[in-house]
Each structure stands twice: as C-alpha cells, then as structure tokens.
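Quick note on labels: first sequence line is chain A, next is B, and so on, each numbered from 1.
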Amino acid sequence: MIDLKQLRENPESFQACLRLRGEFDLSPVLKLDQHQRELEAKRSQLQARSNEVGKQVGQKIQSGISPQDPEIQALRDEGNQVKAQLSELEPQERELKAQIEEILLTIPNLPSETTPIGKTEDENVEVSRWGDEYLPTNPNILPHWEIGEKLGILNFERSTKVAQSRFVSLIGAGAALERSLIQFMLETQIAAGYTEILPPILVNTQSLTASGQLPKFAEESFKCDRDDLWLTPTAEVPITNFYRDEIIAAEDLPIYHCAYTPCFRREAGSYGRDTRGLIRLHQFNKVELFKFVQPETSFEELETLRTDAEAILQALKLPYRVLTLCTGDLGFSSTKTYDLEVWLPSAGKYREISSCSNCTDFQGRRGNIRFKEAGKKGTQFVHTLNGSGLAVGRTMAAILENYQQPDGTVRIPEVLQPYLRREVL
RNA sequence: GGAGAGGUGGCCGAGUGGUUGAAGGCGCAGCACUGGAAAUGCUGUUUAGGGCAACUUAACGAGGGUUCGAAUCCCUCCCUCUCCGCCA
C-alpha cells in the first residue's frame, strides 16, 4: 500500500510515477481523503465536548449533587444532543475511510528510480548473461516433456485424470530429482544465511491482502470457500505474514528466510500458453528467499538476494540471463524486480526461473509489519524482499534439456549427484 | 463435532460503570552510585489519526447496544487454550 500521507503531500509526483506502470487516476482518492479529514475534524470536536460533558456529570455527582438536579439534567440533554450529531457523522466517516482503503489496496507500488521505463516485457533490460560455455552442443534436443515421458519420470496424462490439465506426477528418479533439487537449494541458502521455514500452505484472506495478491488478483488463486482459506500461490505469502502486526526490534533486522513450498496458481487467462511440460502448472514446487530489512538497505539487499538466487543456477551450470523488469512489467507489490531466465534449448529462448523483487514498505504497510529502534520514538515499516531460489519444476525442465545427451540420456549436474546418488537418468 | 476457560501495553499481569491510556512487574532508555561492571535507587517508556503548534481524538479480540459517561453491563461474531470424540 502506498503512503496516504505522502500521497497527500505530493500528489503530482505519485501520479507521474504511477503513470509509468499504466493509467491510474489518483484524484478520486485525494478528494475522498480531503472530505474524510474534514469530517474527522468535526467529529473529533464533538467527541471532545461529549467527553467534557461526561466528565462534568461525574464530578458533580461525586461532589454530592443529586442526579435529578436540573444542572445535571441539562448536561445530560446536551450529551444526548451531541450523541445524536455524532451518530450522523460517524457512519459517513467510516464509509469514506472504507472507500479510501478499498482504493488504496488496488494501487500498485511505485517503481524505483532505477527501474527502466517501458510499457511491456519487450522493454525489460538485459543486465547480464552467464554460462555461455555451458550451452548444449547436442543438436537434437527433445523438449523436456518428451524426454521426461520417454524416461518414464514424468506423467501428464494420468495426472490429468487424477486432477486436471496442468498437473504433473513425477515418478521414480523424477521424484527423486525434484526432492534432490529442493534439498540442494535449501541447503545452499541455509549456508548462505537464510533460516528455513516450512510454513502453512493454506493462507487466509488477510494474508493474501497483506502481500498484495488480494483484492486485485483473486482469480489467480485457488480458494477453499467454506473456510476463508486459499492455497498459497507462493511462499512469499506465508512468510510475509509470519510477522504480520508485529513490531520487530531493529537489532533483529535483517531477517533472512528461505522456504520450500508447493505453489498453486489458477493461471486464469493463460489458456493455450505453455500447455505442455513443466513450465506452467497449477501446482509446482518452489524454494523461496525472503528478507525483512531496514529501509536504507533494501536496494543493496536486492542485489545480494539476486546473487543468492543466481548461485543456484551457477552451481547447476545452467546458462541464464538477468533482466531488470521495466515499469510496465513490474509486479503489483514490487518497486524493482530482476528476473533470472534460464536457457531452454527446445524453445530456443530464455524462460523465467526466478523473480527477485524489492517491495520496499508496500507489504510492510499492508501487513502492519514494523520495526523499532531502541530509545527512539515511533516505529517504521520494514522493507520486504522476495525471490525464487528457484522454481523447482522449471529447474527440472532446464536440466532435462540442457543436460540431454545425443543417446537420449540425461546427465545429472555434479552438485546434485551426492543427493540423487546417480550420474545419469 | 461436544463441553469448558479465556482474549488488556514490547512481554507478563491487575482492573469497583465516573478524570484509567490503563495499577504492579519484566524488558528497555536516561541519571545516580562504581576504577569499570553487576546489584541497588531515582526518572522515563503504547500505538495510530488530525492540527504549524498549544492541543485533540481513537484503540483493552471485532462489531453492535444500554448510559451524560463502558476495559468494566447486554447481544452477535471471531480467535486461542484445556478436556472428550475422531484422525496422520
């Protein structure tokens, strides 16, 4: 959520910033805000009077004046009048506040100054490439779903029977490879200083609102209707909300967490895209990196977060590139995002395998996650960052293709061999 | 699912319808004491909104109600805990 107070103070710059992400007219919310504050001033005056009347009645009764005394009756009457006025103002103000809140929740984070300006993903900026020397030389690489089914480690058809399309089952060495990847990713990030959390993967509405998936993107998540619970679309949601409504001691920051979770996405509106393979499924595994940090450090922390995610790709020797997303392609909660894209030979292009974002205080404000410096007055919102480290299914896809041999076998990346206890699929 | 108990500040924990934003304690900060520290003593210490400010308003799980006045009384809802049942 953007800061209403700051918006009020410099509306033009907010409006200009938001325009970079697409159209969003801030004038209605500014108007509502002004009206609300006028009502608030009136209301608070009335309440002050009401408190005063109450106090006087109390004092007089205690000093021995009879409650039936005309003096007291007069005060009671005034109290009743004030109450009547308040009962008109209060609902109006509450309604205004609710409207303002509702709008604020749909306004995306403002892009950072270092976020390139652009409208679509075509204007994302490539910042680096890595691993050209590992680009496969095998000219006849099968798409990962074909080699996977040939090897008997993936099964889509039966999974459609069990659930729907866009689900997969991993069999034998495929399941073991997925587990090995998860284990390898977690252990690497734990060694890098992240504390593992294995969180709930059903989350409530408030949690999805705090991290930014709701209210705007409700159609993207699976919902358990009778329970106010949703299947989490990313571990970012439970981890952000782990500290919701808390005040963290400044010396406890930064906090680094990593988490493995299944992730669930409805992929509404993506009909016909990536219908085959492991790229776009309703359920997939992901190891997530998450940071809670002090405001001054969040952009440096984004760089190291990205490096930590890159370390996995480098260890697996998978060629990839790094993009900075342009303003038009930025996620709702993010102010600046790096995407890591891994080389997928069958497609002949790079595909997203990690997205690392600095959400600044956007989620902190929505989730009321603050920190306090000892001895200092007041609190500040924490800055949050998240990044995939990595999407496991897409990593598997990248391995099945980049490590595919001309004889139809797939080598296992060296770093995984101790986990999987084999060298070839 | 059945029965019961409970939700108060960063934490623990009092609280009779009347000046209680809330006793007491812990923690934290400052000062004193000390060569320095510990212990001790004193002082201070919730958050959020509005206002340039003085100041003012709100908040004791949430929402209603009674009252001049509600943490305190009434109603509804939510959540947590304990026991029983069921279950990995």
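- Shown here is A:Glu38, whose CD atom has more than 12 heavy atoms of other residues, nucleotides or ligands within 6.0 Å.
- A sub-4.0 Å separation between OP1 or OP2 of B:A48 and a side-chain N or O of A:Thr379 is present.
- Both A:Gln47 and A:Gln59 lie near RNA chain B, and the one whose nearest nucleotide falls closer to the 5' end is A:Gln59.
- When each of B:G50, B:G64, B:C68 is scored by its nearest atom to the side-chain atoms of A:Arg94, the top-ranked nucleotide is B:G64.
- Proximity of A:Lys372 to the phosphate of B:U47: a side-chain N or O atom is located under 4.0 Å from OP1 or OP2.
- Closest to the side chain of A:Arg370, out of B:U57, B:G50, B:A48, is B:A48.
- Across the protein-nucleic acid pair, A:Gln206 atom CD and B:A62 atom P stand 13 Å apart, rounded to whole Å.
- Using the six-membered ring where Trp is involved, A:Phe264 and A:Phe222 have ring planes that are perpendicular, over 60° apart on the 30 and 60° scheme.
- Residue A:Lys83 is classed as a base contact, given a heavy-atom separation below 4.0 Å to a base.
- Of the candidate nucleotides B:U67, B:U19, B:G18, B:G18 has the atom nearest to the side chain of A:Val57.
- Residue A:Glu90 places its CD atom among more than 12 non-hydrogen atoms of other residues, nucleotides or ligands, all under 6.0 Å distant.
- Residue A:Glu113 qualifies as open at atom CD: its count of foreign heavy atoms under 6.0 Å is 12 or below.
- Rounded to a whole Å, the CD1 atom of A:Ile72 is 12 Å from the C1' atom of B:G69.
- Closest to the side chain of A:Ser44, out of B:A58, B:G49, B:U47, is B:G49.
- Across all strands, A:Glu40 comes closer than 4.0 Å to base atoms (heavy-atom distances).
- Residue-level contact check: A:Gln45 touches neither bases nor backbone, having no heavy atom under 4.0 Å from any strand.
- Contact between the side-chain N/O atoms of A:Lys60 and the OP1/OP2 oxygens of B:G18 is not found at any separation under 4.0 Å.
- At the phosphate of B:U67, neither OP1 nor OP2 sits under 4.0 Å from any side-chain N or O atom of A:Asn80.
- At least one side-chain heavy atom of A:Lys291 sits less than 4.5 Å from a side-chain heavy atom of A:Tyr194.
- B:G1 and B:U16 are spaced 35 Å apart, taking the P atom of each and rounding to whole Å.
- The base-pairing partner of B:U82, taking Watson-Crick or G-U wobble contacts with both distances under 3.5 Å, is B:A3.
- Across the strands present, B:A39 finds no partner; the criterion is a Watson-Crick or G-U wobble pair with both atom distances under 3.5 angstrom.
- Between A:Asn51 and B:U19, a side-chain N or O to OP1/OP2 separation shorter than 4.0 Å is absent.
- For the pair A:Asp33 CG and B:G49 P, the interatomic distance rounds to 12 Å; values are reported in whole Å.
- The side chain of A:Lys55 lies closest to B:U19, out of B:U47, B:U57, B:U19.
- Nucleic acid contact class of A:Arg49 (heavy atoms, under 4.0 Å, all strands): none.
- Residue A:Ala41 is out of contact with every strand shown, counting any heavy-atom pair closer than 4.0 Å.
- Across all strands shown, B:A58 forms a Watson-Crick or G-U wobble pair, both distances under 3.5 Å, with B:U47.
- A side chain to side chain donor-acceptor pair (under 3.5 Å) with A:Arg43 holds for exactly one of A:Gln47, A:Glu40, A:Gln45; it is A:Gln47.
- Here, B:U67 and B:A3 have their C1' atoms 36 Å apart, quoted to the whole Å.
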